[in-house]
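Residue numbering restarts at 1 for every chain, and letters A, B, ... go by the order of the sequence lines. All values derive from a computational prediction rather than experimental measurement.
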Amino acid sequence: MVKRLVVGAHYGLRDWLAQRITALIMALYSIVIGVVLITGVPVSYAVWKDFFAQGWVRIATLIFAASLAWHAWVGARDILMDYIKHDGLRLALEVVTVLLLATYLGWAIEILWR
Amino acid sequence: MSSAAAKKKRPKYLSLPAILYQIRLPLPGRVSILHRISGALLVMPFAAWLLYMLDASLASEAGFESIKGYLDLPLVKLGLLAFIWAYCHHLCAGIRYLTLDLNRGIELRPARASAAAVLVVSLALTAYFGWKLW
């Protein structure tokens with residue numbers, strides 16, 4: 001047995017779980033949207049616009065975008081923690097990542113509810 | 001625990017060049033690092049690129065037509081193919097990790113087989129969507 005002093009709680013369990021739940025949401029969205037688009041390729045602007053004007057597509061895409069932001073944050077943070085040893089640089093890159101992901105989410109909302 | 005194992009210096013940190021050139025990763029290791037690389041690429045630049053195209057194509061009729069023409073450029077199609085591979089690989093490898101989390105297929109043999117399946121299926125899906133694209 002490895003003797004280890006354990007203090008505190010949930011060492012990243014919430015992030016780990018969130019990453020998996022958001023992954024499932026995005027996988028489901030990908031399959032549904034993929035099938036819809038493959039079976040009816042949007043050939044004209046009207047069809048394309050009407051597709052994204054549907055309530056369920058807007059909500060599903062919003063949930064996808066929010067899931068992506070959360071999922072990518074956990075993943076990007078894992079990568080940064082593993083490879084960037086310098087604390088200041090890592091913190092700066094984490095801030096850049098958060099800003100980037102927040103921009104994506106805001107941009108997606110802007111596109112969906114224009 | 002044996003004393004030999006106890007004497008080893010832990011934790012052991014590996015440099016990126018060591019990972020790339022000195023260590024010969026088994027197949028699941030390769031799938032894992034490709035999962036990271038594809039994930040990073042999907043965040044930047046692919047997400048931004050796709051949002052840009054979605055934005056322009058939904059903004060106006062002229063925007064839709066310009067994106068249609070843009071997607072006919074060979075270099076753009078190549079970029080889209082790279083995106084499709086990254087997406088398919090990340091999705092397939094992700095499904096594999098979810099099953100591993102449920103303690104399914106964690107023995108050496110099935111784990112290697114599923115890693116090979118991830119590589120093959122994601123490349124096959126890329127080929128299929130690439131064929132659809134062209």
Side-chain angles (χ1 to χ4, degrees), chain A residues 1-3 16-17 19-24 26-31 34 37-38 41-53 58 61 64-65 68-69 71-80 82-85 93 96-97 100-101 103-114, chain B residues 1 5-6 10-11 13-17 19 32-33 35-68 71 84 87-88 90-102 125 128-129 131-133:
Chain A
M1 274 294 285
V2 180
K3 278 191 182 146
W16 179 88
L17 198 60
Q19 197 178 35
R20 274 136 190 90
I21 292 168
T22 52
L24 281 173
M26 289 190 289
L28 195 66
Y29 176 91
S30 304
I31 292 163
L37 289 181
I38 285 285
V41 179
V43 281
S44 74
Y45 175 63
V47 174
W48 185 236
K49 197 178 157 69
D50 286 349
F51 178 73
F52 277 99
R58 277 183 175 164
T61 307
F64 175 86
L68 178 78
H71 182 93
W73 162 244
V74 178
R77 186 167 159 267
D78 282 346
I79 291 177
L80 293 174
D82 278 355
Y83 304 128
I84 311 295
K85 301 283 178 242
L93 288 171
V96 169
T97 305
L100 183 70
L101 294 172
T103 305
Y104 287 167
L105 186 55
W107 195 4
I109 292 167
E110 198 193 330
I111 292 168
L112 290 168
W113 279 276
R114 185 153 21 212
Chain B
M1 185 165 280
R10 288 285 187 265
Y13 295 108
L14 296 169
S15 67
L16 194 59
I19 291 167
S32 176
I33 197 71
H35 189 241
R36 283 208 151 172
I37 293 168
S38 60
L41 287 175
L42 287 169
V43 170
M44 195 67 203
F46 289 133
W49 190 43
L50 258 77
L51 273 167
Y52 158 73
M53 288 197 285
L54 186 67
D55 191 1
S57 68
L58 284 171
S60 67
E61 178 107 46
F64 183 83
E65 291 305 324
S66 81
I67 291 298
K68 242 177 139 177
L71 284 174
I84 291 167
Y87 202 99
C88 292
H90 204 80
L91 178 66
C92 292
I95 291 168
R96 177 173 178 269
Y97 294 132
L98 288 175
T99 63
L100 291 177
D101 284 342
L102 297 173
L125 283 172
Y128 171 74
F129 289 118
W131 170 69
K132 275 267 185 185
L133 196 65

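At a 4.5 Å heavy-atom cutoff, A/Phe51 makes no contact with chain B through either its backbone or its side chain. Proximity to chain A (any heavy atom under 4.5 Å) is restricted, for B/Tyr128, to the side chain, taken from C-beta onward. If you measure heavy-atom distances from A/Tyr104 to chain B, the contacts under 4.5 Å come from both the backbone and the side chain. Contacts of B/Phe129 with chain A are made by side-chain atoms alone, with heavy-atom separations under 4.5 Å and no backbone atom involved. In this structure, chain A has a heavy atom under 4.5 Å from the side chain of B/Leu98, while its backbone stays farther away. Neither the backbone nor the side chain of A/Trp73 has a heavy atom closer than 4.5 Å to any heavy atom of chain B. Interface residue B/Leu91: only side-chain heavy atoms are found under 4.5 Å from chain A. For A/Ala27, the parts lying under 4.5 angstrom from a heavy atom of chain B are both the backbone and the side chain. Using a 4.5 Å cut-off between heavy atoms, B/Ser15 makes no contact with chain A at all.
The shortest side-chain heavy-atom distance between B/Leu58 and A/Leu112 does not fall under the 4.5 Å cut-off.
We find the OH-CD distance between B/Tyr97 and A/Gln19 to be 11.0 Å, quoted to the nearest 0.5 Å. To the nearest 0.5 Å, atoms OG (A/Ser44) and NZ (B/Lys68) are separated by 7.5 Å. Remark: A/Thr103 OG1 to B/Leu51 CG distance equals 10.5 Å, nearest 0.5 Å. The distance from the CZ atom of B/Phe64 to the NZ atom of A/Lys49 is 12.0 Å, given to the nearest 0.5 Å.
Counting only distance, with no hydrogens or angles, the side chain of A/Tyr45 and the backbone of B/Ser57 share no donor-acceptor pair below 3.5 Å.
Between A/Asp78 and B/Arg36 there is no salt bridge, since no side-chain N of the basic residue sits under 4.0 Å from a carboxylate O of the acidic one.
Heavy-atom pairs under 4.5 Å with chain A peak, among B/Glu61, B/His90, B/Lys132, at B/Glu61. Interface check for chain B: of the options A/Asp82, A/Leu68, A/Leu24, the most heavy-atom pairs under 4.5 Å are formed by A/Asp82. Listed options B/Leu54, B/Val43, B/Asp101 were ranked by heavy-atom pairs under 4.5 angstrom with chain A; first place goes to B/Asp101.
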Would A/Arg114 and B/Asp55 count as a side-chain contact (heavy atoms from CB on, under 4.5 Å) if you check the C-alpha gap in whole Å, the side-chain angles of each, and the deciding distance to 0.1 Å?
CA-CA 10 Å; A/Arg114 185 153 21 212; B/Asp55 191 1; 2.7 Å; yes
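Counting heavy atoms of neighbouring residues, nucleotides and ligands inside a 6.0 Å radius, atom CH2 of A/Trp113 exceeds 12 of them.
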